[in-house]
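Throughout, protein chains are lettered first and strands after them, A, B, ... in sequence-line order, and every chain is numbered starting at 1. Remember, predicted model here, so these are calculated numbers, not experimental data.
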Protein chains: 2
Amino acid sequence: MLAERLEHRASFGGWQEVYRHPSRVLGCDMTLGVYLPPQAQAGARLPVLYWLSGLTCSEQNFITKAGAQRYAAEHGIILVAPDTSPRGPAVADADGYDLGQGAGFYVNATTEPWARHYRMYDYIVDELPALVEANFPASDVRAISGHSMGGHGALTIALRNPGRYRSVSAFSPIVAPSQVPWGQKAFAAYLGDDRAAWARHDATALVAGASERLPLLVDQGDADEFLASQLRPELLQAACGAAGHPLQLRLQPGYDHSYYFISSFIGEHIAHHARAMHG
Amino acid sequence: MLAERLEHRASFGGWQEVYRHPSRVLGCDMTLGVYLPPQAQAGARLPVLYWLSGLTCSEQNFITKAGAQRYAAEHGIILVAPDTSPRGPAVADADGYDLGQGAGFYVNATTEPWARHYRMYDYIVDELPALVEANFPASDVRAISGHSMGGHGALTIALRNPGRYRSVSAFSPIVAPSQVPWGQKAFAAYLGDDRAAWARHDATALVAGASERLPLLVDQGDADEFLASQLRPELLQAACGAAGHPLQLRLQPGYDHSYYFISSFIGEHIAHHARAMHG
């Protein structure tokens, strides 16, 4: 099922690997970063943190820049970092960094020319964990996190799948895609004008109906260049307040939208997920 | 003197910055990564670790991939990461990644077309620390480290400048450039056939005459794809043994030549330099 191992690099006593695999759901080959901590050598099944990246990213951004391997090694956690969209010459694309390849938005597209391949929601929720749990020393104890578009993905997927994740967190997430330009452009393309479908992929809309009170941990830099236009964490804060949904929103002074922000706090996020998954 | 600040990003409570500055020594503009830890806000002058990167690198590789900021913040150390050669359309270049721009080898070239701009030795030894100490809360307490070609630079510059650095370390260094293809190609181009000049830029040749017994800390991955052909740490080990020069050479099992190796051990190197510089 894992057709080809592209990278195998020692890192903090474990192995940072990259695989290419054929995705049935997406109808194309996908690349995938997997960090196996030293504890994976012992044969036990380890919990898994799924990391969803942001616009323009592949699996490489997180695995080369976040510095997460150190903390995964400390806590005995596998890190899985998928790509952000279907890929390849047969896959529809668009001009601009915020639609098409590199911008899957973690939805199942229902409109043309996207519906054939753009099924990132099903890929992340179903196909990816099945593949990981079948091919690595990975348990079904899962957590999910991500950045920006991937923070949106982590929050919406966790909110829609009670019991599937022990914990969820996000860096600089797009919390209300239905209300900001990035989300409106992508949702209009992938989902058409079905506003109910939009709401099913909007964290701010989903908290009202969440059947599980999974606490949301959100870090947001206050010098983030996209804060006021695209991210708007105050909308999530208001929705959680109205719904009584637990939210820890931390505004981090001085931090921007880059991996310098993620690397500064990924250790705290991994510790948070480790407590939930090992506890 | 620091013409332009290109980046200013919060990182581990401090600031990762990138500057462009005109270099008098190199006769071109240079970019420069500077990490200012949280302690830099307090006004005291902090010790500085100079990091020399390897072939093809700019300042970006180290500042985005090594994860060094965490440790610099813990120990109150400024990190300075220069580019690896003069740059720009007026600067001579060559085909191939191992000569010309991105491959300065930390020497002062004496042959054409290189002699005009390729003076990385003088830049690193003199101009760079003067610039750093004049423009940042940086003391003249210095350490030096680097990777591959930059490990060669760190070792040779420390060995030739007794008293200038409190400590030196290297990852995967080219320890005997006069005896391996990378070094032979670069030295023949930059220094001609003056073998005495080669020896002044060859760590394995320099230890015999070193007037200061500065201990050398060297980490080398045993799965490094360049180990047997270009790096050959056993030559440095033999030279240090013959000269009675202190060397801690650590062969790290499974690690390759990438930043995954550097990130795994940069914390130990920074702790080593912090002990020497704060002690």
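To the nearest 0.5 Å, the span separating CD on B:Gln69 from OG on A:Ser264 amounts to 7.5 Å.
Note on residues 32-44 of chain A: no pairs pass side-chain hydrogen bond (donor to acceptor under 3.5 Å, both in side chains), not counting sequence neighbours.
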Do any side-chain atoms of residues 270-279 of chain A form donor-acceptor pairs under 3.5 angstrom with protein atoms, and if so which ones, sequence neighbours left out?
| from | atom 1 | to | atom 2 | distance (Å) |
| --- | --- | --- | --- | --- |
| A:His273 | ND1 | A:Ser167 | OG | 2.7 |
| A:His273 | NE2 | A:Ser169 | OG | 2.8 |
| A:His278 | NE2 | A:His75 | O | 2.6 |

Using atom types as modelled, flag every donor-acceptor pair under 3.5 Å from a side chain in residues 42-51 of chain A to any protein atom, sequence neighbours excluded.
| from | atom 1 | to | atom 2 | distance (Å) |
| --- | --- | --- | --- | --- |
| A:Arg45 | NH1 | A:Glu133 | O | 3.3 |
| A:Arg45 | NH1 | A:Phe136 | O | 3.2 |
| A:Arg45 | NH1 | A:Ala138 | O | 2.9 |
| A:Trp51 | NE1 | A:Ser53 | OG | 3.2 |

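Put simply, of A:Tyr71, A:Phe261, A:Tyr259, the one with the most heavy-atom pairs under 4.5 Å next to chain B is A:Tyr71.
Heavy atoms of A:Gln252 lying under 4.5 Å from chain B are absent altogether.
Using non-hydrogen atoms only and a strict 4.5 Å limit, the part of residues 6-17 of chain A facing chain B consists of A:Glu7, A:Arg9, A:Ala10, A:Ser11, A:Phe12, A:Gly13, A:Trp15, A:Gln16.
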